[in-house]
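In what follows, every heavy atom counts, from backbone to side chain, and hydrogens, waters and symmetry copies are set aside. Throughout, numbering of the chain's residues begins at 1 and tracks the sequence. Remember, it's 1-based here, ligands and their atoms both numbered in the order they're listed.
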Amino acid sequence: MDRPASGCPVPGAIDCDIHAALPNTRVLLPYFEPYWREHIQRRGLERDSFEPSSYPANAPINKRPDWALADAPAGSSLTALQGHILDRLSIRHGILNVIHGAQVMFSEDLSLAFCRAINNWIRAEWLDRDARLCASIVVPPHSAELAAEEIERLAPDPRFVQVLLLAMAELPLGRRQNWPIYRAAEKFGLPVGIHAGSSFRHPPSALGWPSYYLEDYVSQSQGFAAALNSLVAEGVFVKFPALKVVLIESGVTWLPASLWRLDKTWRGVRAETPWLEQLPTETVREHVRLTLQPFDAPPTAQQLEIVLEQLGSDRMLLFSTDYPHWHFDGDDALPAALPPDLMRKICIDNPLETYTRLVKEPVP
Ligand code: ZN
C-alpha cells in the first residue's frame, strides 16, 4: 500500500479511542430498568449531567473547535462523528469509550444501574446505526463482582470489544479484589482498556491533592505507571495469560524509563514475587498495548526512532484520534515521520491482533 499523505491514517484504519458523549442524562431514561427509572426520576437525577469534571466544559483540550457542536456536548452526535472522522478518514472500525460519572459513584448499585443504561444506550443509539462502530463495556469499577456480571450480560454481542476502566480507582488495579473483572474479560476474549482518569478516591499525585487541572493532567502518567506496576507485580498476566490490557490516552514516552526501573528493581527483589518468571518488560510487551493520541512524540524523526526502539516492539501502538478532544489539527492524526510499514501496523494490524472480535475482512 502506498504511504498516505503526511500524517493521515492508512485507509481502513481502526480508531481505538473515540468518545461518545451523552447529550444529557434524560436520554438514558428509556434504557434503565423500571425500578431505577422511577428511582432516578423521584430523586430528579435525570436533571444532573454526571459528566466527570476532568476539565472545564469549554477548555480547549475538551473539543477541537471544528468538532464542536452548536447546541450539544462535543461527541454527542453520530452524524457529526461520521462527518468529522469515520467518513473523512476512511475509518473501518471505531471503538466508542464513554467516560461518565457512573464510573466514579460511591453506590455500587447506582453505579451498575447507570453503567447498564449507558451500555444499552450505546448499543441502540450508536452501534445499531453504524456498522463501523463498536464499544467498550462500561462497568462499576468498585464492585468487581457486579462488573463481571455486566461483562457476562454483554459479551454475547460481538460489537462490545473491550472492558473499560479508569487508571486510578479505589485500589491499585492489580489487587486480587479486581480479579473477577480480568477473569470475565479473559473468558470472553475482551481486552481491558485502561483510560486516563481517576475515580478520585485518592489524589492523582502521590504527594496529595493538587491545586490545578494542569497538575492533575500531568500526574496521569504516574497513575498509569502505578497501575501497570500493580498489574505486573500482583501477577495478573500470570493468572490470566490470555489477557490483553490497552492503556488509552496514556502517552508513550514514559513507558521505557518506567520499565527500566521495573526490570532493574525486579532483579533485586524478585524473591518476593516468585510468580514473575520473566523480565517485567517481556510481560508488558506481550500483554500491553497503548493508543496513540495524544502522542507525546519528540520533535525530530531521529528522536522518534529512538523512542520506538526503546519500546522494543512494533506491536504495541494502536491508532486513535481521541475524538473529539483536541490533540492534532486537520487530518494529521499520525506523526508524519513514521515508516510506512509501521503506520500500517499501528492503524490496522496491531488493532486487529488486539481486538480479536473485530471482523478480519481483507483490507483493500
Ligand atoms: Zn480518550
From [X] atom [atom1] to [Y] atom [atom2], the distance as rounded to the nearest 0.5 Å:
X	Y	atom1	atom2	answer
S198	Q220	OG	CD	7.0 Å
E249	Y217	CD	OH	6.0 Å
F328	D322	CZ	CG	9.0 Å

Show me the side-chain donor-acceptor pairs of residues 102-115 shorter than 3.5 Å, one per line, residues at least two apart or across chains.
unit_1 : atom_1 : unit_2 : atom_2 : d
Q103   : OE1    : H100   : N      : 2.6
Q103   : NE2    : V98    : O      : 3.4
S107   : OG     : D109   : N      : 3.4
S107   : OG     : L110   : N      : 3.0
S111   : OG     : A102   : O      : 2.7

Close to the Zn ion (ligand 1), meaning under 2.8 Å, how many protein N, O or S atoms are there?
-> 5
Parallel under 30°, tilted from 30 to 60°, perpendicular over 60°: which one fits the rings of W67 and Y323?
-> tilted
Neighbour count above 12 (heavy atom, 6.0 Å) for D341 CG | no
